[in-house]
Amino acid sequence: MSNIVQFNPTQLPAFARTGALSETAKALAGGGVGQTGKRVSIKGGVFRLIHDGKEVASIEDRHLDVVMVKAAPKVARIFYGKAYDSDSPAAPDCWSADGDKPAEDAHNRQASRCADCPQNVAGSGQNQSRACRYQHRVAVVLADEDNVQSDVMQIVFPATSIFGKAEGDNRPLQEYARWLAAQAISPEMVVTRMRFDTKVEKDRKSTRLNS
């Protein structure tokens with residue numbers, strides 16, 4: 001979940017200074033950012049900065065301030081036949097960039113359509129979850145009180161951070177984007193604070209972000 005913590009257009013990159021709703025706003029509201037060398041991991045309930053597969057820093061604070069600069073156009077899906085090992089990640093068995101059909105280059109496609117897939121059935125995963133998981137890739141730049149950093153990093157939000165309802169000022173990703181859109185504000189125009197929800201289990205698959 002996330003909310004606005006700061007709005008100062010002079011701090012933003014030139015491409016972010018726009019008064020019109022952007023494609024990022026539309027994508028985040030539920031309308032691929034691909035893998036990059038630099039990304040933000042949320043493993044173990046800690047924000048970690050990863051460069052070329054290696055952790056270079058961890059954030060002690062329970063929040064992270066960013067500007068969202070781009071997003072995959074749709075919520076993706078991903079399935080691993082074996083338990084995912086973040087320390088030695090392997091390619092997924094099957095995945096979908098649009099959540100509708102498996103990618104052509106998925107090496108172990110589970111069905112011709114995601115809607116018909118046995119991995120999309122409640123109970124196919126642990127604790128009555130679905131074995132095929134939702135995720136949304138977003139490109140961000142890190143922000144602090146004085147400036148917005150120039151390095152673009154990728155963060156992958158799990159389903160628990162994408163869907164759901166607002167709790168006070170705390171909003172999951174899609175609800176947050178819809179709230180911004182209702183005020184004619186695009187995500188690139190603001191500094192967004194991401195915060196872990198301490199009420200959920202602290203692991204890569206179930207971590208939820210809030211403000």
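Count residues from 1 along the sequence.
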### Criterion side-chain contact (heavy atoms from CB on, under 4.5 Å) on Q174 and V75, from CA distance to verdict
CA-CA 10 Å; Q174 286 191 355; V75 176; 3.6 Å; yes

For the residue pair [X] and [Y], establish whether any side-chain heavy-atom pair is separated by less than 4.5 Å.
X	Y	answer
P187	T192	no
K74	D100	yes
D93	H107	yes
W95	D105	yes

Search all heavy atoms of [X] against all heavy atoms of [Y] and return the closest pair with its distance.
X	Y	value
P118	S124	O-CB, 3.5 Å
N120	R130	O-NE, 2.9 Å
E175	G164	CB-O, 4.2 Å
C114	K101	SG-N, 3.8 Å
A111	C117	CB-CA, 3.6 Å
P102	S112	CD-O, 3.4 Å

Are [Y] and [X] connected into the same hydrophobic cluster when the rule is that any two of I, L, V, M, F, W, Y join if their side-chain heavy atoms are below 4.5 Å apart?
X	Y	answer
L49	V46	no
L173	M189	yes
V138	I59	yes
V190	V140	yes
L64	I42	yes

Nearest 0.5 Å, what's the [atom1]-[atom2] distance between [X] and [Y]?
X	Y	atom1	atom2	result
K38	Q154	NZ	CD	13.5 Å
T160	Q135	OG1	CD	12.0 Å
E55	R39	CD	CZ	10.0 Å

Is there a donor-acceptor pair closer than 3.5 Å between any side-chain N or O of [X] and the backbone N or O of [Y]?
X	Y	value
S41	R48	no
R171	D169	yes
Q110	N108	yes

### Message
Regarding S96 and D98, do their side chains bring together a donor and an acceptor under 3.5 Å, going by distance alone?
### Response
yes

### Task
For salt bridge (Lys or Arg N to Asp or Glu O under 4.0 Å), just list the numbers for R109 and E104, CA-CA rounded to whole Å, side-chain angles, deciding distance to a tenth of an Å, and then say yes or no.
CA-CA 8 Å; R109 302 176 76 190; E104 293 295 334; 3.8 Å; yes

### Task
Pick out which of F157, F79, F163 makes a ring pair (Phe, Tyr, Trp, His ring centres under 6.0 Å) with Y134.
F163

